[in-house]
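Worksheet for the structure shown next.
In what follows, chains carry the letters A, B, and so on, assigned in the order in which the sequence lines appear, proteins first and then strands, with residues in each chain numbered from 1.
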Protein chains: 2
Amino acid sequence: MLAKNISIPKIARKCEEVSGLLRSLSHPQRLMILGHLAQGPKTVSELQKLCDLQQSQLSQFLGRMKLEGLVACERKGRFQFYSAADKRIVELIGAIQKIFCE
Amino acid sequence: MLAKNISIPKIARKCEEVSGLLRSLSHPQRLMILGHLAQGPKTVSELQKLCDLQQSQLSQFLGRMKLEGLVACERKGRFQFYSAADKRIVELIGAIQKIFCE
DNA sequence: TTATTATATTATTCTTTTGTAATATGTCAA
DNA sequence: TTGACATATTACAAAAGAATAATATAATAA
């Protein structure tokens, strides 16, 4: 139950930033979106089918997650390809799955 | 950037539960509280000093985190000792620190 | 029993988030 | 250029969360 190796000072400095990221993941469908993006880039309409969301809300979620630094996007023709913003995000999703889904 | 080993079906089933946990961690001071509790049990007043919170708000946060299954508590005399609810919570805090604070 | 310390609850106001609908923009094909 | 498709933005009502103050309960010591 103990974790002596966790450094509070380190966490403290990052608390604002990290809690912001976690807030973005604190919605079931945003968590789902990032779960899919952790597997590779997807267009908005692909995500819409995968997550069963209204177009408008999905777009709002993606915009918010982009601002928060969780996802990145790149337009190709008329499609926007969204993906996990960086390695840390993929690692976080991986850790969550390892801890809670195994 | 990819994580082919992440299973979406597994995450999907747990999305509601896990996003709820993450929501509890999505506040800087709640994250801080759990950071401290991951190191061992603490009384409310110890946490109050460590996290610089008003007594009332701390108590409300703790109550909420208890409902959410993040923390457990045990009364000893006039003190309530709070601790991380289980191993998964400690692991999650450890993973967050490893990914974002190193 | 009373005073004191430790913690919890309630009430209230303010802010943020959610869900939804409507509308706008951007890109391509015909 | 027009139409169709893909995505983004805006607006707004309803719900949830945050901060704060005031009050209540629970345990102990004197």
Measure [atom1]/[X] against [atom2]/[N] and give the value in whole Å, please.
X: B:I33; N: D:dA18; atom1: CD1; atom2: P; answer: 11 Å
X: A:R75; N: D:dA6; atom1: CZ; atom2: P; answer: 12 Å
X: A:K76; N: C:dC28; atom1: NZ; atom2: C1'; answer: 17 Å
X: B:K42; N: C:dT7; atom1: NZ; atom2: P; answer: 14 Å
X: A:Q80; N: C:dG26; atom1: CD; atom2: P; answer: 12 Å
X: B:L67; N: D:dG17; atom1: CG; atom2: P; answer: 12 Å
X: B:R78; N: D:dA27; atom1: CZ; atom2: P; answer: 12 Å
X: B:M65; N: C:dA8; atom1: CE; atom2: P; answer: 11 Å

With a cut-off of less than 4.0 Å, is there a side-chain N or O of [X] near OP1 or OP2 of [N]?
X: B:R23; N: C:dT17; answer: no
X: A:R64; N: C:dT18; answer: yes
X: A:H27; N: D:dA16; answer: no

Mind checking the OG-CG spacing from A:S83 to A:L34? Nearest 0.5 Å is all I need.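 Those atoms lie 10.0 Å apart.
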[X] vs [Y] side-chain heavy atoms within contact, under 4.5 Å:
X: A:I93; Y: A:V90; result: no
X: A:L50; Y: A:I33; result: no
X: A:K49; Y: A:K42; result: no
X: A:D86; Y: A:I89; result: yes
X: B:L25; Y: B:R30; result: no

Which nucleotide sits closest to the side chain of A:F79: D:dA6, D:dA27, D:dA18?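 Looking only at heavy atoms from C-beta outward on A:F79, the closest nucleotide is D:dA6.
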Can you tell which of D:dA8, C:dT5, D:dA6 lies closest to the side chain of A:Y82?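 Closest of the options to the side chain of A:Y82: D:dA8.
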Record whether the side chain of A:Q60 comes under 3.5 Å of the base of D:dT7 through a donor-acceptor pair of N or O atoms.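 Per atom types, no contact qualifies.
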Heavy atom of residues 43-57 of chain B under 4.0 Å from DNA chain D: which residues?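 Contacts with DNA chain D under 4.0 Å: B:Q54, B:S56, B:Q57.
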Charged N to carboxylate O under 4.0 angstrom, A:K87 versus A:E91?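 Between A:E91 and A:K87 there is a salt bridge, with a charged N closer than 4.0 Å to a carboxylate O.
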What nucleic acid atoms does A:F81 come within less than 4.0 Å of, heavy atoms only: base, sugar-phosphate, or nothing?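 Counting heavy atoms under 4.0 Å across all strands, no contact is made by A:F81.
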